[in-house]
A.B. asks: 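Dropping the structure in here first, questions after.
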Amino acid sequence: MNIIKSVRKFFYESNNTVRWYIDEVNINMAEDEFVEVLSSTRLSEDEILPEVSDLINVNVYSKADVDALVQKIVSVLENRFIDILNFEGGTLNQIGRIYITRIEITNLGEISGYFVKNLGIYTELFC
Amino acid sequence: MKKYGDPRYLEIKSNVDEFSKKLQKLQRLTPEAANYILTKIAYGLFNDIVKRTPIQTGRLRHGWQIKKLNNYVYEISNPTEYLIYVEFGVKGHPLSDNPEKRKNSLRYLFANGILESVKTGVGEYQIIYHYTPKKQKVGFIRNTIQEWSKKTPKLIRDYLKEFIIKTMSGGR
């Protein structure tokens with residue numbers, strides 16, 4: 001759970017001009033632009049066989065300039081790692097890092113009047 | 001995974017490119033050995049993708065097909081139209097009054113586990129809305145290809161050993 005919470009915190013605090021939907025789906029789609037983040041595909045959180053690699057799935061929706069919004073998100077990821085914090089005990093201590101090994105941008109075309117691009121952010125865990 | 005010209009398939013294509021690079025070592029082997037190893041890897045990857053395809057109605061999982069195009073090329077495809085929504089987690093129209101748009105949106109919501117239909121009696125169903133999707137399987141194709149890409153060098157060595165033993169024992 002620390003991994004998921006850390007990724008959520010990282011995105012939420014990274015840029016307050018972006019309308020983030022982190023681990024939730026924007027049912028209404030009322031904004032001109034918004035970003036949906038799925039913080040983990042649960043591979044690293046698997047109880048039976050946890051894996052080192054995982055994928056953060058980011059969908060960027062914009063009615064006007066989707067590339068500008070994609071650029072904003074990519075600039076957030078420029079450090080190429082996300083600190084994993086320990087959320088138990090009151091103080092936030094770094095207990096590991098999630099390294100970004102590859103970012104792939106896919107154009108998903110036009111959906112419901114939005115231009116949509118997907119960022120597949122491949123990660124590896126180091127504790 | 002069929003329409004490589006379609007920009008929506010770039011992600012999967014680029015994963016496949018990386019995977020294919022690792023398979024290029026097979027060029028150094030005899031055609032029989034390369035063919036043997038490639039068949040094992042292609043069907044193994046296919047089985048894993050099928051196994052990891054999320055099930056709501058079973059339509060998506062049953063849609064997978066594998067075809068041998070020639071000795072060195074296999075095609076794994078799925079014609080189900082909402083595959084792209086499940087793999088990337090994108091959704092279409094918000095629930096609107098337009099029946100066609102509403103149908104597409106509902107299809108996405110059910111496929112991703114955001115809405116769930118639970119049988120409560122004979123012919124009675126209850127729809128449950130999960131605020132945080134319960135069984136969202138976004139990226140199942142990308143994750144599977146990534147995993148196979150990582151283990152391919154070891155698999156090539158293992159299957160080559162297997163092929164040599166099989167050949168030396170006269171194919172028995």
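The sequence lines fix the lettering, A, B, ..., with proteins before strands; numbering per chain opens at 1.
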A.B. asks: Determine, step by step, whether A:Ser53 and B:Glu147 satisfy the side chain to side chain contact (heavy atoms under 4.5 Å, CB included) criterion, reporting the C-alpha distance in whole Å, the side-chain angles of both residues, the deciding distance to 0.1 Å, and the verdict.
C.D. replies: CA-CA 9 Å; A:Ser53 356; B:Glu147 188 191 298; over 6 Å; no
A.B. asks: Which atoms form the tightest heavy-atom contact between B:Val138 and A:Thr41, and what is the distance?
C.D. replies: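 Minimum heavy-atom separation between B:Val138 and A:Thr41: O-CG2, 3.1 Å.
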A.B. asks: Transitively linked via ILVMFWY side-chain contacts under 4.5 Å: B:Ile145 with B:Tyr72?
C.D. replies: yes
A.B. asks: Under the criterion side chain to side chain contact (heavy atoms under 4.5 Å, CB included), I'd like the reasoning laid out for B:Val90 against A:Asn118: C-alpha separation, chi angles, the key distance, then a yes or no.
C.D. replies: CA-CA 9 Å; B:Val90 286; A:Asn118 174 278; 5.6 Å; no
A.B. asks: Is it the side chain or the backbone of A:Tyr61 that comes within 4.5 Å of chain B heavy atoms, both, or neither?
C.D. replies: side chain
A.B. asks: Give, as side chain, backbone, both or neither, the part of A:Asn59 having an atom under 4.5 angstrom from any heavy atom of chain B.
C.D. replies: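 It is the side chain, since no backbone atom gets that close.
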A.B. asks: Does a side-chain N-to-carboxylate-O contact under 4.0 Å join B:Glu18 and A:Arg102?
C.D. replies: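 Yes, this pair counts.
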A.B. asks: Treating Ile, Leu, Val, Met, Phe, Trp and Tyr as nodes and any side-chain heavy-atom pair under 4.5 angstrom as an edge, say whether B:Ile141 and B:Tyr43 lie in one connected cluster.
C.D. replies: yes
A.B. asks: Whether the side chain of A:Asn57 engages the backbone of B:Phe88 through a donor-acceptor N/O pair (distance < 3.5 Å, no angle test) should be reported.
C.D. replies: yes
A.B. asks: Give, for atom CD of B:Gln146 and atom OG1 of A:Thr101, the distance between the pair rounded to the nearest 0.5 Å.
C.D. replies: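 Taking CD in B:Gln146 and OG1 in A:Thr101, the distance rounds to 6.0 Å.
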A.B. asks: Determine, using the 4.5 Å side-chain heavy-atom cutoff (strictly less than), whether A:Phe81 and A:Val74 are members of one ILVMFWY cluster.
C.D. replies: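 No, no single cluster joins them.
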A.B. asks: More than 12 heavy atoms of other residues, nucleotides or ligands under 6.0 Å from OH of A:Tyr12: is that the case?
C.D. replies: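 Not buried by this count: 12 neighbours or fewer within 6.0 Å.
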A.B. asks: My understanding is that only residues two or more places apart in sequence, or in another chain, count here; which of them pass side-chain contact (heavy atoms from CB on, under 4.5 Å) with B:Asn47?
C.D. replies: none
A.B. asks: Tell me whether the count of non-hydrogen atoms from other residues, nucleotides or ligands lying under 6.0 Å of NZ in B:Lys21 goes above 12.
C.D. replies: no
